[in-house]
Student: 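Just passing along the structure, written as structure tokens.
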Protein chains: 2
Amino acid sequence: MVTGKGAMTAGEGRGGRPTLEMVAARAGVGRGTVSRVVNGSPHVSAQARAAVEAAIAELGYVPNRAARALAADRTDAVALVIPESETRLGAEPYFLDIVRGVSTELADTDMQLLLTLIRTPRERQRLGQHLAARRVDGVLLVSVHENDPLPSLLERLRVPTVLNGRRSEREWMSYVDADNVGGARSAAEHLLGLGRRTVATITGPLDMYVARCRLDGYTQAMNSAGLGGDTSLVAHGDFTEEGGRAAMRALLERHPGLDAVFAASDVMASGALHVLRQSGRRVPEDVALIGFDDSAVARHADPPLTSVRQPTEEMGRTMARVLLEEIESRNGIRRHVVLSTDLVVRESA
Amino acid sequence: MVTGKGAMTAGEGRGGRPTLEMVAARAGVGRGTVSRVVNGSPHVSAQARAAVEAAIAELGYVPNRAARALAADRTDAVALVIPESETRLGAEPYFLDIVRGVSTELADTDMQLLLTLIRTPRERQRLGQHLAARRVDGVLLVSVHENDPLPSLLERLRVPTVLNGRRSEREWMSYVDADNVGGARSAAEHLLGLGRRTVATITGPLDMYVARCRLDGYTQAMNSAGLGGDTSLVAHGDFTEEGGRAAMRALLERHPGLDAVFAASDVMASGALHVLRQSGRRVPEDVALIGFDDSAVARHADPPLTSVRQPTEEMGRTMARVLLEEIESRNGIRRHVVLSTDLVVRESA
DNA sequence: TGCCAATCTGGGAGCGCTCCCACGGGAGCG
DNA sequence: CGCTCCCGTGGGAGCGCTCCCAGATTGGCA
């Protein structure tokens, strides 16, 4: 016989971890009081609170998350869902920054961060199950496509959700986005301010809202300068380096004398840069070049690329904050946040 | 009155989610049987199993994780712990690849992946608490420093743990590492094979085991070629671009005629590349250059850098697999895995 | 034919917590 | 001075599951 049971009714908990009950016994109060103290309820006398806090410290008590989740029907965890396809394209730093921001914001809460990468349709389905089982209190969705079924599913399930980026002009779910239009506009304006007159642009895939926004910004700036309307200055890329190359080649063919290019991503700008070089043009002397994202690619290019920076980490923080609010106040209020971008001027323009 | 309670004793569960009990009622069996089916126990008759499976499908039953965790004293979750400092230095793709690998491996289990970024000492302490509370079944530790207290804490707590990389020669905890020595050796050998004779190296901070390994590999190759022993060919960097620049300048000063450099990271190689250029030297004609990591920086450099690739994603997968095994078989057996690297030859050497 | 073992099964007893009800006693009121 | 009212409190009930123990049923063997 190892340990009698009579004397120590509270038991020892599995793994020897202290339980609420043990804290209560030690502090000489009831379970309810300890629970109130732990959860910050104001309806506790100073005396009782002190006793409980002392007992907690002595025992090194940490609430059992599973028990709490079961009893309170919440998990104290949020999921960050990232479609695998998006983590390619040299966009890695972007995701890491988002994660960093989310993690920072969550650090003060004791919410846990669940990372879910979606690669296959099977995993996608699995995720649906998880969500249906309400294993998280809320979901952060990164780079959703227009026709992604996930947001609607989440909505139907009434799972608090915050998107990173919008799916279209009139996004109704909560989202946090960067001011892509403004960023693109300021890039084009910078080029125009340099005295360049034949300013071309390389777009992303136009079935992505973010790509359309960046094109819009460019168009706005061109129109304001009275240089709008020439669609031959617009070439379409797909956010890849090869796409940037092809677009640049097309542009040079149509406009051998162009003197500036705004690419909707650094990776595409990098592709464009190579083509420009191969064609014997100097950057920025002959052709000024601006990218978007302010990624490592921009910093390490030769010459280093001027680029539009988006406050990625802050976007992550904001997403987490908005989600937390949405979880807290159960009144499905939606929030739309657009954070401003800024131009980082380097040597390419 | 919405719904009577008498008839449907099993209730509706909160949020309308079906419970084990409801499945049991529907299938006309007991709770125990349903549990056995769900958990894949062999001690169930084919008939009962079929009935239960049908009921599960009809009801769309998904086990409640919290309840399971509470009853079985396990969480079905593992934590991936990443020290913030390490996510800088252009090493982002590395972490994303690790995450990708871990996530892939976990997708088939129904383990959840908890991401924990550690920035401040406070967060570090908090993590200790989490671990003490056994909120995860196991821990994956990325890039641990020699004097990090976390591994020992984990060991004391008897939490299954797998390290990414070793802390020293004789690491006793389970780990998955890349063959840094071999990779560095093959890089140096490649340089020598090119006919280069004055082969220098830029090291990482030598208080990191990984940096020492890469230096070792270089030294081995030099010794085998009968060119070893010249410590003036070794310059110390810190894995940053600026460090790479400084080291390169120092090397050029000592050896104006050097014809090859092996840098222990792509970022340092990139720094070295700029200095080499500024000094009027051509790469690879005058000086051949090799980096380590095969990161985006290497691919986008001009000229693209030859670099040592480590199978990062596979390392992630392996870590997860080893951890799962360790959790499964509770006999604290340690496993040490070293994955081979390979040289990706591009234009710089 | 009878008996024992092997197999399958139902359901009780918890896991550690939150929710909530009911109780006690002090303050404030008429 | 007695009556509410309310704050602080203890503890029952129950969240949905796993674990495990008996009971029921079957088959095999003497």
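Here is the naming used below: chain letters follow the sequence lines, and residue numbers restart at 1 for every chain. These numbers come from a predicted model, not from an experiment.
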Student: To the nearest Å, how far apart are B:Glu21 CD and D:dC17 P?
Tutor: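 That distance rounds to 9 Å.
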Student: From D:dT18, D:dT9, C:dT9, pick the nucleotide closest to the side chain of A:Ala48?
Tutor: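 Of D:dT18, D:dT9, C:dT9, D:dT9 is nearest to the side chain of A:Ala48.
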Student: Side chains of A:Val78 and A:Ile327, heavy atoms from C-beta outward: is any pair under 4.5 Å?
Tutor: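 Touching, per the 4.5 Å side-chain cut-off.
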Student: Within the 4.5 Å heavy-atom criterion, are A:Arg166 and A:His336 side-chain neighbours or not?
Tutor: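 When only atoms from C-beta onward are counted, A:His336 and A:Arg166 do not touch, as no gap falls below 4.5 Å.
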Student: If you check the B:Leu20 side chain, which of D:dC17, D:dG10, C:dT9 turns out closest?
Tutor: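 Selected nucleotide (nearest to the side chain): D:dC17.
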Student: B:Leu59 has an atom CG; how far is it from atom P of D:dG16, in whole Å?
Tutor: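 The distance from CG of B:Leu59 to P of D:dG16 comes to 13 Å, rounded to the nearest Å.
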Student: Quick test of your reading of the model: are A:Asp148 and A:Arg124 salt-bridged, counting only N-O distances below 4.0 Å?
Tutor: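 A salt bridge is present here (some side-chain N lies under 4.0 Å from a carboxylate O).
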Student: Looking at side-chain heavy atoms only, is the closest gap between B:Thr312 and B:Ile98 below 4.5 Å?
Tutor: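 Yes - at least one pair of side-chain heavy atoms lies under 4.5 Å apart.
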Student: Report yes if a side-chain nitrogen or oxygen of B:His43 is closer than 4.0 Å to either non-bridging phosphate oxygen (OP1 or OP2) of C:dT7; otherwise report no.
Tutor: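 Result: no.
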Student: Please tell me if the side chains of A:Arg100 and B:Arg119 come closer than 4.5 Å, counting only heavy atoms from C-beta onward.
Tutor: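 Yes, at least one pair of side-chain atoms sits under 4.5 Å.
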Student: Kindly indicate, with the supporting measurements, whether the criterion salt bridge (charged side-chain N to carboxylate O under 4.0 Å, His left out) is fulfilled by B:Glu325 and B:Arg335.
Tutor: CA-CA 10 Å; B:Glu325 277 174 23; B:Arg335 286 196 51 191; 2.7 Å; yes
Student: Out of C:dT18, C:dG10, C:dC17, which has the shortest distance to the side chain of A:Asn64?
Tutor: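 Given the options C:dT18, C:dG10, C:dC17, the side chain of A:Asn64 is closest to C:dC17.
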Student: I'd like a table of atom pairs between the protein and nucleotides 19-28 of chain C - only N or O on both sides, under 3.5 Å - with the distance next to each one.
Tutor:
none

Student: What is the distance, to the nearest angstrom, from the CD atom on A:Gln47 to the P atom on D:dC7?
Tutor: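 Those two atoms, CD and P, are 19 Å apart.
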Student: Can you list the steps and then say if A:Arg135 with A:Thr75 is a side-chain hydrogen bond (donor to acceptor under 3.5 Å, both in side chains)?
Tutor: CA-CA 6 Å; A:Arg135 292 192 183 163; A:Thr75 63; over 6 Å; no
Student: Touch check for B:Ala66, heavy atoms < 4.0 angstrom, all strands: base, sugar-phosphate only, or nothing?
Tutor: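 Since no nucleic acid heavy atom lies under 4.0 Å of B:Ala66, the category is nothing.
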Student: Does the distance from a Lys or Arg side-chain N to an Asp or Glu carboxylate O, for B:Arg334 and B:Glu155, drop under 4.0 Å?
Tutor: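 Salt bridge: yes.
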Student: Determine which pairs satisfy salt bridge (Lys or Arg N to Asp or Glu O under 4.0 Å) with at least one residue from residues 42-65 of chain B, sequence neighbours left out, and list them in order.
Tutor: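 Matches after skipping sequence neighbours: B:Arg26-B:Glu58.
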Student: From CG of A:Asp76 over to P of D:dC15, roughly how many Å is that when rounded to an integer?
Tutor: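 Taking CG of A:Asp76 and P of D:dC15, I get 20 Å after rounding.
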Student: Kindly point out which of D:dG16, D:dT9, D:dT18 is positioned nearest to the side chain of B:Arg68?
Tutor: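 Of D:dG16, D:dT9, D:dT18, D:dT18 is nearest to the side chain of B:Arg68.
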Student: When you match B:Val44 and B:Ala67 each to their closest nucleotide on DNA chain C, which lands nearer the 5' end?
Tutor: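 This one resolves to B:Val44.
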Student: Under 4.0 Å between any heavy atoms, over every strand shown, what does A:Ala24 touch: base, sugar-phosphate, or nothing? Just pick one.
Tutor: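 The residue A:Ala24 makes no contact with any strand.
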Student: Quick one: A:Asp73 CG to C:dT18 C1', roughly how many Å, whole number?
Tutor: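 Whole-Å distance recorded here is 11 Å.
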Student: Bend angle of the helix from C:dT1-D:dA30 to C:dG30-D:dC1 from five-pair axes at both ends, rounded to 10°?
Tutor: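 About 40°, once rounded to a multiple of 10°.
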Student: Specify the separation, in whole Å, of atom CG of A:Asn39 and atom P of C:dC17.
Tutor: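 It is 10 Å, rounded to the nearest whole Å.
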Student: Mind calculating the distance between CG (A:Leu70) and P (D:dC17) to the nearest angstrom?
Tutor: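 Going from A:Leu70 (CG) to D:dC17 (P), I get 9 Å.
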Student: Do A:Leu140 and A:Leu323 touch side chain to side chain, with heavy atoms closer than 4.5 Å?
Tutor: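 In short, these two side chains touch, coming nearer than 4.5 Å.
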Student: Quick one: B:Arg135 CZ to C:dC15 P, roughly how many Å, whole number?
Tutor: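 Going from B:Arg135 (CZ) to C:dC15 (P), I get 20 Å.
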Student: Between D:dG8 and A:Ser45, is there an OP1 or OP2 to side-chain N/O distance shorter than 4.0 Å?
Tutor: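 It does not, given that no N or O in the side chain of A:Ser45 lies less than 4.0 Å from OP1 or OP2 of D:dG8.
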